[in-house]
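Quick notes on the structure that follows.
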Amino acid sequence: MTEQARRRILVVDDDVEIVSLVSLRLGKRGYDVTSAGDGATALAAARQLRPDLVLLDVMMPGMSGWEVTRALKGDPLTEGIKIILVTAIGAQVAEATTPVTGADAHVDKPFEFSTLEATIDRLLA
């Protein structure tokens, strides 16, 4: 079993196509992938499953990715989960908000899978 096969990633986005593509790609790399389509579901899943990493869209209806990040990083049970904000809000805004919310990294949409995978690999190393 590879190290990646032992790693669980939660993919969160309200765009089902993005969730499907990212989940498929990461699954092929050997990750155990779970998904959620909104912030509240993501928060519940992260608390229950305690994944190694969450790929989290920022702009979602209801609870935003920023709110989910703050909740996870503020909870002793989930504070160690690595979080990558995946967003189309623009590089400058993402760079400014990522450390404020406690996220570990950000990747701008649209993204290259190689960039996303390199960021995941770096955080899970």
Side-chain angles (χ1 to χ4, degrees):
M1 180 179 274
T2 67
E3 183 162 332
Q4 290 168 328
R6 293 188 299 267
R7 301 292 193 160
R8 176 173 285 156
I9 297 177
L10 175 60
V11 178
V12 184
D13 200 305
D14 58 330
D15 184 328
V16 295
E17 290 181 18
I18 290 175
V19 169
S20 179
L21 289 171
V22 172
S23 296
L24 180 64
R25 178 82 178 229
L26 295 177
K28 286 183 177 183
R29 289 192 77 208
Y31 291 106
D32 180 8
V33 181
T34 305
S35 63
D38 62 71
T41 304
L43 189 56
R47 286 180 172 153
Q48 178 184 8
L49 301 172
R50 295 204 191 116
D52 298 290
L53 186 138
V54 177
L55 293 177
L56 184 59
D57 184 26
V58 171
M59 303 307 290
M60 293 184 291
M63 186 178 227
S64 73
W66 292 315
E67 292 169 307
V68 174
T69 300
R70 282 190 216 102
L72 291 175
K73 292 298 186 174
D75 183 339
L77 294 175
T78 57
E79 67 186 359
I81 296 172
K82 301 295 184 187
I83 299 175
I84 301 174
L85 295 176
V86 182
T87 179
I89 60 174
Q92 289 181 327
V93 174
E95 286 175 21
T97 60
T98 297
V100 170
T101 61
D104 299 285
H106 75 276
V107 173
D108 294 320
K109 287 181 186 177
F111 55 83
E112 296 290 329
F113 275 107
S114 60
T115 302
L116 180 63
E117 291 167 347
T119 305
I120 291 169
D121 291 346
R122 178 176 56 82
L123 290 176
L124 294 180

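Note that this is a predicted model, so its numbers are computed, not measured.
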key: Closest approach of Met59 to Asp57 (non-hydrogen atoms, all atoms of both residues)   = O-OD2, 3.1 Å
note = Tightest non-hydrogen contact, residues Ala36 and Leu10, listed as N-CD1, 4.2 Å
query = Can you name the side-chain hydrogen bond (donor to acceptor under 3.5 Å, both in side chains) partners of Arg25, sequence neighbours left out?
reply = Glu117
query = In Å and rounded to the nearest 0.5 Å, what is the CD1 to OG1 distance from Ile83 to Thr69?
reply = 4.0 Å
Side-chain atoms of residues 39-49: list all donor-acceptor pairs with protein atoms under 3.5 Å, sequence neighbours left out, distances to 0.1 Å.
{"from": "Thr41", "atom 1": "OG1", "to": "Asp38", "atom 2": "OD1", "distance (Å)": "3.0"}
{"from": "Thr41", "atom 1": "OG1", "to": "Asp38", "atom 2": "OD2", "distance (Å)": "3.1"}
{"from": "Arg47", "atom 1": "NE", "to": "Asp75", "atom 2": "OD2", "distance (Å)": "3.4"}

query = What heavy-atom pair brings Gly62 and Glu67 nearest, and what distance separates the two atoms?
reply = O-OE1, 3.8 Å
task = Hey, could you give me the CH2/CE distance between Trp66 and Met60, rounded to the nearest 0.5 Å?
result = 11.0 Å
ask   = What pairs meet the side chain to side chain donor-acceptor pair (under 3.5 Å) rule with one or both residues in residues 12-21, with sequence neighbours excluded?
value = Asp13-Lys109
Straight-line distance of Ile84 CD1 to Leu53 CG, nearest 0.5 Å = 4.5 Å
request  = Could you give me the CA-CA distance, side-chain angles and deciding distance for Val12 and Val68, then say whether side chain to side chain contact (heavy atoms under 4.5 Å, CB included) is met?
outcome  = CA-CA 10 Å; Val12 184; Val68 174; over 6 Å; no
ask   = Rounded to the nearest 0.5 Å, what separation is found between the CG atom of Leu85 and the CG atom of Asp108?
value = 10.5 Å
note = Residue set satisfying side chain to side chain contact (heavy atoms under 4.5 Å, CB included) with Ser23, at least two apart, ordered chain then number -> Val11, Val19, Val33, Ser35
ask   = Which atom names give the shortest non-hydrogen contact between Phe111 and Val86, and what distance separates them?
value = CE2-CG1, 3.8 Å
Under the side chain to side chain contact (heavy atoms under 4.5 Å, CB included) test, residues paired with Glu112 that sit two or more places apart = Ser114, Thr115
inquiry  = One pair to check against side chain to side chain contact (heavy atoms under 4.5 Å, CB included): Tyr31 and Ile120. What are the steps and the verdict?
reply    = CA-CA 11 Å; Tyr31 291 106; Ile120 291 169; 3.6 Å; yes
message = For the CG atom of Leu123 and the CZ atom of Arg7, what is their distance to the nearest 0.5 Å?
response = 10.5 Å
ask   = Can a salt bridge be assigned to the pair Asp104 and Lys73 using a cut-off of 4.0 Å between side-chain N and carboxylate O?
value = yes
key: Atom of Leu72, atom of Thr78 and distance for their closest heavy-atom approach   = O-OG1, 2.7 Å
task = For Ile9 and Arg29, run side chain to side chain contact (heavy atoms under 4.5 Å, CB included): C-alpha distance rounded to whole Å, both residues' side-chain angles, the deciding distance at 0.1 Å, then the answer.
result = CA-CA 11 Å; Ile9 297 177; Arg29 289 192 77 208; over 6 Å; no
